[in-house]
Amino acid sequence: MTLARVEDNASVLLLRDGMTNGEYFLVENRANTGFDNDTASIYPGLLISHVDSKSSDNDLNTWAHPLVKIEEADGDNTLGTIEASPDIMSEAGDVWTGTSGLAGGFRDQTGNTTANAMMYQSGYYSRSDNASYYSYLQLTNFSAAANVMSVDIQTLKTTLTNQTVYSTGYYVSWPACSQTSQYEIQEGVCTVATNFSDGAESEDAMYENWYLSGNAGRSSAGMNSGTNSYLFRLYSYSTGGWYSPVQTLTLQKPFVVGSDFALSFYVISHLYADCGDLKCQISKDSGETWYTLDSYYGYINTWTRYAYTYASLTTLGIYSGDSCVIRFVLNTEYALGWSGFPEVGVAVDDIAISGVAIGGYGGWVTLTNNVTATSYAVPARTNGVYAYRVRAYANAAWQGYGTVGETTVALPWVILSLTGPLMAEAGAVAVVTATLSQISPLPVVVNLALSGTATETNDFTASAVPHTIVIPANTLSGTLALTAVQDLIDETNETVIVDISSVLNGEEFGTQQVTATIADDDLTPGSFEEWVQNYCPGMDLPTALTNDYNADGVQNGFDYAFGPNLETNAPLLNIFCFTNAPVVDIPKQLVSTVPYVGIAIDMTRALDSPSWITNGLHAIDPAGEPTNRCWYVPDTTGTSGFFRVRGFLK
């Protein structure tokens with residue numbers, strides 16, 4: 001904890017964890033400057049004061065428990081005592097610094113002067129030296145006196161600070177509490193309440209809900225309901241005590257006004273009208289300007305309800321949507337009033353506000369209650385704001401929850417894209433890119449799941465196995481390459497479907513999926529293209545059709561269509577007479593070649609000047625045809641004829 005010097009910084013630390021109602025410690029950094037520019041009697045360092053607001057006297061010589069008692073760093077309890085002239089008003093050893101103070105630091109635990117400065121626990125200042133009265137407050141490791149000083153503080157409650165994280169999982173940490181064996185941590189959500197109420201029943205709630213100044217505080221001497229009310233008082237006839245002439249109770253959390261706004265509370269007053277008044281005021285500019293709703297003073301002997309609606313605000317220039325706070329402020333000039341509660345003062349009870357929006361927390365769930373360290377590893381969380389609070393198990397009891405801290409998870413969104421979605425089988429590459437919505441200070445790991453009809457290794461390979469894209473810190477994107485694998489299997493086009501299975505330090509934007517398609521380039525079994533690839537490597541199709549790759553005198557197209565004849569050496573063309581008609585006998589064409597290769601049978605009457613007639617034949621009844629042969633006869637008969645068979649690519 002750091003504290004700037006109080007002379008020109010409104011910075012005083014209030015510590016009340018573990019204290020009884022109305023009791024607390026104040027810690028301030030005093031320096032030799034401004035109103036403390038007196039090096040002869042002002043000693044720089046941290047000054048610790050113990051305040052008991054229920055006390056009505058501050059005479060250090062006659063009062064058993066004074067209103068304000070300085071906790072002396074040297075522990076000798078001499079300030080304010082009447083001794084030989086001059087009286088002791090200040091000593092160099094009474095401020096706490098790195099070189100001044102008891103060896104054990106300041107500890108509100110025992111009356112042992114070697115361990116703490118709580119001299120009032122024994123002797124004349126008789127706060128009982130009993131564990132049930134200890135706050136277990138500890139201040140240690142004081143820095144040297146300076147304009148800004150530091151000190152380590154432990155109480156029975158801890159404080160969680162707000163943080164922004166960029167990781168999927170993270171730690172929530174807190175300062176250690178005094179006398180603690182274990183901690184409980186709860187997780188909640190940020191909520192918006194539509195109303196607020198405070199019946200002054202809880203001291204803790206008072207400090208959580210309100211900023212206090214002067215002697216404004218709770219009192220059990222009178223109430224509208226419950227056991228307490230808020231009291232603003234200048235003078236007490238019963239004790240003869242005087243209090244601050246200006247006292248305020250200011251709401252800490254602002255609220256957003258709605259058109260159905262309503263404010264109500266109960267008031268009782270014994271403050272004479274000419275002495276001053278208590279005002280209820282509202283501000284829409286964070287306390288820079290205050291508008292008065294009403295004033296209260298005089299003889300209001302019974303609890304009286306006052307209520308204000310949205311119309312009351314519009315007359316002051318405050319409208320729906322304005323962010324406002326309220327306060328009650330006592331301003332008095334002199335004391336005159338009636339005896340009996342609230343004596344020379346005004347009391348307020350049962351404050352209620354509705355028709356507003358007030359930020360808060362709810363939905364608390366215990367994550368664990370056996371943490372022995374001062375941090376907890378929160379599992380993976382998505383983007384959002386999470387609230388945490390911690391309480392300590394100390395002195396055989398669970399203490400109250402400390403200050404709530406918010407953790408904002410700011411993960412970048414991950415979006416997938418694909419370049420080269422249609423991939424040729426012969427080694428084409430498709431690139432999967434994961435892009436972030438914002439730069440992250442941490443590496444983002446995108447784990448991918450691959451599916452589809454393609455098979456890894458046989459049909460494609462990935463540039464990273466496991467299939468992960470790692471986006472380095474302060475970088476917007478990363479990639480994974482998919483490379484197609486050439487095979488000799490004729491098949492349909494195949495797909496590689498890429499999904500996000502999980503993300504570390506990021507979050508998938510909705511459902512991300514991309515698909516790469518591998519275009520098959522393998523030839524159909526039995527096709528002329530396959531035959532050319534196998535028997536005529538490097539040839540284009542026209543050449544392969546018209547060429548004679550095996551030098552058998554027959555063009556390749558024919559060899560392809562009538563391949564079985566090459567294996568049996570059956571004659572390619574046989575002519576005989578059948579009932580005095582010529583019959584052309586040729587091999588039967590492979591069925592699989594019909595879509596690719598056609599067969600032409602030509603006839604001419606004379607070879608010296610041939611005039612070939614293509615397909616001047618017709619098939620005859622296949623009955624009696626030899627296996628794998630086809631018979632044709634000319635369309636016209638003659639005494640002579642010459643025939644040829646040729647194949648062509650369709």
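Any value given below was found using the heavy atoms of this structure, including those in side chains, with hydrogens, waters and symmetry copies removed.
Ser229 contributes no side-chain N or O that, together with a main-chain N or O of Ala347, makes up a donor-acceptor pair within less than 3.5 Å. Under a 3.5 Å cut-off, the side chain of His270 and the backbone N or O of Gly340 do form a donor-acceptor pair. With hydrogens and angles disregarded, no donor-acceptor distance shorter than 3.5 Å links the side chain of Asn9 to the backbone of Ala4. Between the Ser178 side chain and the Tyr136 main chain, a donor and an acceptor come within less than 3.5 Å of each other.
Ser219 places none of its side-chain heavy atoms less than 4.5 Å from the side chain of Asn228. Side chains of Gln163 and Val172 form a contact here, defined as non-hydrogen atoms less than 4.5 Å apart. In this structure the side chain of Pro245 reaches within 4.5 angstrom of the side chain of Leu234, judged on heavy atoms. By the 4.5 Å heavy-atom criterion applied to side chains, Trp290 and Val325 are counted as neighbours. Using a 4.5 Å heavy-atom threshold, the side chains of Leu251 and Trp210 count as touching. Looking at heavy atoms from C-beta onward, Thr155 lies out of side-chain contact with Gln138 at the 4.5 angstrom threshold. Contact of the Ile358 side chain with the Val256 side chain is not registered, since no non-hydrogen atoms from C-beta on lie closer than 4.5 Å. At least one side-chain heavy atom of Asn209 sits under 4.5 Å from a side-chain heavy atom of Phe196.
No side-chain N or O of Gln182 forms a donor-acceptor pair with one of Asn370 less than 3.5 Å apart. Judged by distance alone, the side chains of Ser135 and Asp108 do bring a donor and an acceptor atom under 3.5 Å apart. Checking Asn215 against Ser244 by side-chain atom types alone, no donor-acceptor pair falls below 3.5 Å.
Residue pairs satisfying the salt bridge (charged side-chain N to carboxylate O under 4.0 Å, His left out) criterion with at least one member in residues 306-324, sequence neighbours excluded, are absent. Identified under the salt bridge (charged side-chain N to carboxylate O under 4.0 Å, His left out) test for residues 171-190, with sequence neighbours left out: Glu184-Arg391, Glu187-Arg381. Applying the ring-ring contact (aromatic ring centres under 6.0 Å, His included) test to pairs two or more places apart or on separate chains, those with a residue in residues 150-188 are Trp174-Tyr183. Listed by first then second residue, pairs satisfying salt bridge (charged side-chain N to carboxylate O under 4.0 Å, His left out) with a partner in residues 190-209 read Arg16-Asp204, Lys157-Asp204, Glu203-Arg218, not counting sequence neighbours.
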The test is side chain to side chain donor-acceptor pair (under 3.5 Å); show your working for Asp152 and Asn141 and say whether it passes. CA-CA 6 Å; Asp152 293 340; Asn141 297 327; 2.6 Å; yes

Can you list the steps and then say if Phe25 with Phe106 is a ring pair (Phe, Tyr, Trp, His ring centres under 6.0 Å)? CA-CA 11 Å; Phe25 292 99; Phe106 174 80; 5.4 Å; yes

Determine, stepwise, if the pair Thr382 / Glu507 fulfils side chain to side chain donor-acceptor pair (under 3.5 Å). CA-CA 7 Å; Thr382 56; Glu507 188 170 340; 4.7 Å; no

Decide yes or no on side chain to side chain donor-acceptor pair (under 3.5 Å) for Tyr296 and Asp277, but give the supporting numbers first. CA-CA 6 Å; Tyr296 318 95; Asp277 56 21; over 6 Å; no

Given side chain to side chain donor-acceptor pair (under 3.5 Å), test Asn147 with Arg5 step by step and report yes or no. CA-CA 5 Å; Asn147 290 343; Arg5 64 187 188 187; 3.1 Å; yes

Verify ring pair (Phe, Tyr, Trp, His ring centres under 6.0 Å) between Phe265 and Phe328, making sure each step is shown before the conclusion. CA-CA 11 Å; Phe265 47 85; Phe328 295 91; 5.0 Å; yes

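Evaluation of the side-chain contact (heavy atoms from CB on, under 4.5 Å) rule for Ser354 yields Asn195, Ala262 as partners, not counting sequence neighbours. Applying the side-chain hydrogen bond (donor to acceptor under 3.5 Å, both in side chains) test to Ser150 and every residue at least two apart in sequence or in another chain returns nothing. Partners of Lys284 by side-chain hydrogen bond (donor to acceptor under 3.5 Å, both in side chains), not counting sequence neighbours: none found. For Asp260, there are no side-chain contact (heavy atoms from CB on, under 4.5 Å) partners at least two apart in sequence or on another chain. Scanning for side-chain hydrogen bond (donor to acceptor under 3.5 Å, both in side chains) contacts around Thr248 gives Ser213, with sequence neighbours left out. Evaluation of the side-chain contact (heavy atoms from CB on, under 4.5 Å) rule for Trp364 yields Gln186, Tyr361, Ala387, Arg389, Val404 as partners, not counting sequence neighbours. With sequence neighbours left out, the side-chain contact (heavy atoms from CB on, under 4.5 Å) criterion links Tyr237 to Tyr235, Ser339, Glu343, Val344. Partners of Asn369 by side-chain hydrogen bond (donor to acceptor under 3.5 Å, both in side chains), not counting sequence neighbours: none found.
Taking the six-membered ring wherever Trp is involved, the centroid distance between the rings of Tyr306 and Tyr266 does not fall below 6.0 Å.
The CG atom of Leu278 sits 9.5 Å away from atom CD1 of Ile300, with the distance rounded to the nearest 0.5 Å.
The aromatic rings of Phe341 and Trp303 sit tilted, their planes meeting at an angle between 30° and 60°.
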